[in-house]
*Asks:* 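Structure incoming, see below.
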Amino acid sequence: MPASQAVLNGLAADGGLYVPEEIPKLAVPAEQLAEMSYQDLAYEVMRLFLTDYTEEELRHCINSAYDSKFDTPEIAPLRQADGAWFLELFHGATIAFKDMALSILPYLMTTAARKNQITNEIVILTATSGDTGKAAMAGFADVPGTRIIVFYPKDGVSPVQERQMVTQKGKNTYVVAIHGNFDDAQTGVKKIFGNKELERELDKAGYQFSSANSINIGRLVPQVAYYVYAYAQLLKKGAIRSGEIINVTVPTGNFGNILAAYYAKQMGMPIGKLICASNENKVLCDFFATGIYDKNREFVLTSSPSMDILVSSNLERLIYRIAGEDAVKTKELMEALSGGGKYEITPEMRAQLSDFYGNYASEDEVAQTIARIYGQEHYVLDTHTAVAASVYGKYKAASGDGTVTVIASTASPYKFARSVLHAIDGAKYDGMTDLEQIDALAEVSGVKVPGAIEEIRTAPVRHHREADVDGMEDAVKQILGLK
């Protein structure tokens, strides 16, 4: 299937995920990449996956996405602290790493619609654990020929994340708070995608579904680019020699961000260990330790809500790879997960996971990491990045591995000001309102309050919908005027 069609569909007709037929090899030398702008480097990476987009089309998508909406010309700057390099992925419009992919996805999708003569209005259906929803809505707001409906867990996101979503502008944006957790939202969205009767009803009314979740291959491909960029920038800074191996640490819940690093390695980038950092919902940590994926456990609400996930959708793409690209075996394992909530991979498959190291950070460890790095470096981490920094410390202590390491810094601390300030100075700031805490964090960090936060201070609430999990399909129908 052409890449543009996969981007448009979001999810395959059988409920599976699209994957590249093969992982392409990056032919441009690292020394040459090191001299490129982010936009030019992204083109060199993405063109190898999105092969039916013309150069003109793809460069237009890239240049439209990575522009002045990012508050730094580097797009994804590297900051050295605590013996590692933090790849700051939060300089976009919604101050989270999701901007790196969701700034370009609307352009990839509308270009794909033109290429494939699509006349239906595209309805983006997305579940979010906090960041994807806002970043997707910001990307698709008022994009002609599209609507976007975002489902989020009512009590499972931070106050700033919720406020960012419910104040979102755009005549084509819709937000629904569900009475459940993120996994409920994600499962509900997949169920709606799989409803063939609803698909026919939509087509008759002039609509078709697509997804902005990381299950969409158009989300994953742009993420590969920033790991290649990180390596090239380390080379440019003289932090590594050409060909020298680096490690990558990623805080992850849905497995998409670390899968992108895995794809970068498969493309030939000199990446050694892929350090998978979990919070107390440590289903991935346990999987790498045992070869058993088991979601049958208590769901924990943590200070890193974007990782409060027990069904890591993108792991399916890795399973397919280590199963020898056996679609039947992959489907069998995914059906076991949706049926009994668990599966076990074979010893042969486990042997192919040696690139990965998995561990987790407790809530106390996250807070201690934020406080320690702030105290030593005057550098403020958000809670998710602190999970990664904590797990990286555990890896280094256990392995003695001193390899240069990049830590994916996935969100601005301003999105989680309450948790960050509490970690830094105990109860001193606890009595403040959420917006007062933002001002306090500016004082503590010495970093200017981002525009994404300033704009929600006085923004009116535009979205009030709520639904039970079993009412998600009805909510979609009401929004689209089908009932």
*Asks:* Is the shortest heavy-atom distance from the side chain of Phe151 to the side chain of Tyr174 under 4.5 Å?
*Replies:* no

*Asks:* Can Glu201 and Lys477 be counted as an ion pair, charged N to O under 4.0 angstrom?
*Replies:* yes

*Asks:* Consider side chain to side chain donor-acceptor pair (under 3.5 Å). Of Asp401, Thr405, Asn359, which one does Tyr395 pass it with?
*Replies:* Asp401

*Asks:* Taking side-chain contact (heavy atoms from CB on, under 4.5 Å) as the criterion, tell me which of Lys134, Met165, Gln186 meets it with Thr128.
*Replies:* Met165

*Asks:* Between Tyr231 and Tyr227 (judged by ring centroids, cut-off 6.0 Å), do the two rings come close enough to count as a pair?
*Replies:* no

*Asks:* May I ask you to decide whether Arg163 forms a salt bridge with Asp434, counting only side-chain N to carboxylate O separations under 4.0 Å?
*Replies:* no

*Asks:* Are any non-hydrogen side-chain atoms of Met109 and Leu8 less than 4.5 angstrom apart?
*Replies:* yes

*Asks:* Passes side chain to side chain donor-acceptor pair (under 3.5 Å), Gln208 versus Asp203? Steps please.
*Replies:* CA-CA 6 Å; Gln208 71 182 62; Asp203 187 53; over 6 Å; no

*Asks:* Go through it in stages, so that I can follow the logic: the residues are Asn257 and Thr252, the test is side chain to side chain donor-acceptor pair (under 3.5 Å), and I'd like the CA-CA distance, side-chain angles, deciding distance and then a yes or no.
*Replies:* CA-CA 7 Å; Asn257 204 3; Thr252 191; over 6 Å; no

*Asks:* Does a side-chain heavy-atom distance below 4.5 Å link Ile246 with Met269?
*Replies:* no

*Asks:* Quick check: closest heavy atoms across Ala6 and Met1, and the distance to 0.1 Å?
*Replies:* N-SD, 3.8 Å

*Asks:* Apply side-chain contact (heavy atoms from CB on, under 4.5 Å) to residues Leu480 and Arg147 and explain how you reach the verdict.
*Replies:* CA-CA 9 Å; Leu480 299 179; Arg147 296 195 195 191; 3.9 Å; yes

*Asks:* Does any part of the side chain of Leu50, heavy atoms only, come nearer than 4.5 Å to the side chain of Cys61, both counted from C-beta?
*Replies:* no

*Asks:* Check the pair Asn9 / Gln5 against side chain to side chain donor-acceptor pair (under 3.5 Å), numbers first and verdict last.
*Replies:* CA-CA 6 Å; Asn9 292 351; Gln5 189 66 56; 3.0 Å; yes

*Asks:* For a quick check under 3.5 Å, do Tyr18 and Arg317 share a side-chain donor-acceptor pair by atom type?
*Replies:* no

*Asks:* For Thr187 and Asp184, does a side-chain donor sit closer than 3.5 Å to a side-chain acceptor?
*Replies:* no

*Asks:* Can you find a heavy atom in the side chain of Ser409 that is under 4.5 Å from one in the side chain of Leu87?
*Replies:* no

*Asks:* Is there a donor-acceptor contact under 3.5 Å linking the side chains of Ser211 and Asn216?
*Replies:* no

*Asks:* How far does OG1 of Thr330 sit from CD1 of Ile345, to the nearest 0.5 angstrom?
*Replies:* 11.0 Å

*Asks:* I need the Gln161 CD to Phe416 CZ distance, nearest 0.5 Å.
*Replies:* 4.0 Å

*Asks:* CD1 of Ile178 to CD of Glu466: how many Å apart, nearest 0.5 Å?
*Replies:* 11.0 Å

*Asks:* Please check if any side-chain donor atom of Asn314 sits under 3.5 Å from a side-chain acceptor atom of Ser214, or the reverse.
*Replies:* yes

*Asks:* Can we say Glu365 and Lys394 salt-bridge, meaning some charged N sits less than 4.0 Å from an Asp/Glu carboxylate O?
*Replies:* yes

*Asks:* Looking at Asp430 and Arg418, is there a salt bridge between them, counting it only when a charged N and a carboxylate O are closer than 4.0 Å?
*Replies:* no

*Asks:* Using side-chain heavy atoms (C-beta onward) and a distance below 4.5 Å, is Phe299 in contact with Leu310?
*Replies:* yes

*Asks:* I want to check something: taking the side chain as every heavy atom from C-beta on, are Leu441 and Gln437 in contact at a cut-off of under 4.5 Å?
*Replies:* no

*Asks:* Working note: Ser445 + Tyr379, criterion side-chain contact (heavy atoms from CB on, under 4.5 Å); need CA distance, chi angles, decisive distance, verdict.
*Replies:* CA-CA 7 Å; Ser445 67; Tyr379 185 55; over 6 Å; no

*Asks:* Between Tyr360 and Glu280, is the side chain to side chain donor-acceptor pair (under 3.5 Å) condition met? List the steps.
*Replies:* CA-CA 7 Å; Tyr360 81 102; Glu280 289 183 2; over 6 Å; no

*Asks:* Check this for me: Phe193, atom CZ, are more than 12 non-hydrogen atoms of other residues, nucleotides or ligands nearer than 6.0 Å?
*Replies:* yes

*Asks:* To check you understand the geometry: which heavy-atom pair defines the closest contact between Pro153 and Gly180, and what is its length?
*Replies:* CB-O, 3.1 Å

*Asks:* Decide if atom NZ of Lys295 counts as having more than 12 heavy atoms of other residues, nucleotides or ligands within a radius under 6.0 Å.
*Replies:* yes

*Asks:* Scan Val420, Asp382, Val366 and name whichever one has a side-chain contact (heavy atoms from CB on, under 4.5 Å) with Ser303.
*Replies:* Val366

*Asks:* Please confirm whether Phe97 and Tyr226 have ring centers closer than 6.0 angstrom.
*Replies:* no

*Asks:* Please evaluate residues Lys69 and Asp99 with respect to the criterion salt bridge (charged side-chain N to carboxylate O under 4.0 Å, His left out), reporting the C-alpha separation (whole Å), side-chain torsions for both, the decisive distance (0.1 Å), and the verdict.
*Replies:* CA-CA 10 Å; Lys69 70 175 72 71; Asp99 290 323; over 6 Å; no

*Asks:* Please round to the nearest 0.5 Å and tell me the distance separating atom CG of Asp294 and atom NZ of Lys342.
*Replies:* 4.5 Å

*Asks:* Pairing donors with acceptors under 3.5 angstrom, does anything connect the side chains of Gln266 and Arg321?
*Replies:* yes

*Asks:* Do Asp308 and Asn181 have a side chain donor and acceptor closer than 3.5 Å?
*Replies:* no

*Asks:* Does the ring centre of Phe356 sit less than 6.0 Å away from the ring centre of Tyr262?
*Replies:* yes

*Asks:* Set out, in order, the CA-CA distance, both residues' side-chain angles and the distance that settles salt bridge (charged side-chain N to carboxylate O under 4.0 Å, His left out) for Asp14 and Lys331, then state yes or no.
*Replies:* CA-CA 10 Å; Asp14 63 359; Lys331 186 177 182 183; 5.5 Å; no

*Asks:* Would you find more than 12 non-hydrogen atoms of other residues, nucleotides or ligands less than 6.0 Å from Lys191 atom NZ?
*Replies:* no

*Asks:* State the CD-CG distance between Glu88 and Leu381, to the nearest 0.5 angstrom.
*Replies:* 9.5 Å

*Asks:* Does the side chain of Phe70 reach to within under 4.5 Å of the side chain of Ser103, using non-hydrogen atoms?
*Replies:* yes

*Asks:* Give a yes or no on whether a salt bridge exists between Asp131 and Lys415, defined as a side-chain N under 4.0 angstrom from a carboxylate O.
*Replies:* yes

*Asks:* Check this for me: does any side-chain nitrogen of one of Arg200 and Glu197 sit under 4.0 Å from a carboxylate oxygen of the other?
*Replies:* no

*Asks:* Measuring from Tyr293:OH to Leu284:CG, what's the distance to the nearest 0.5 Å?
*Replies:* 5.0 Å

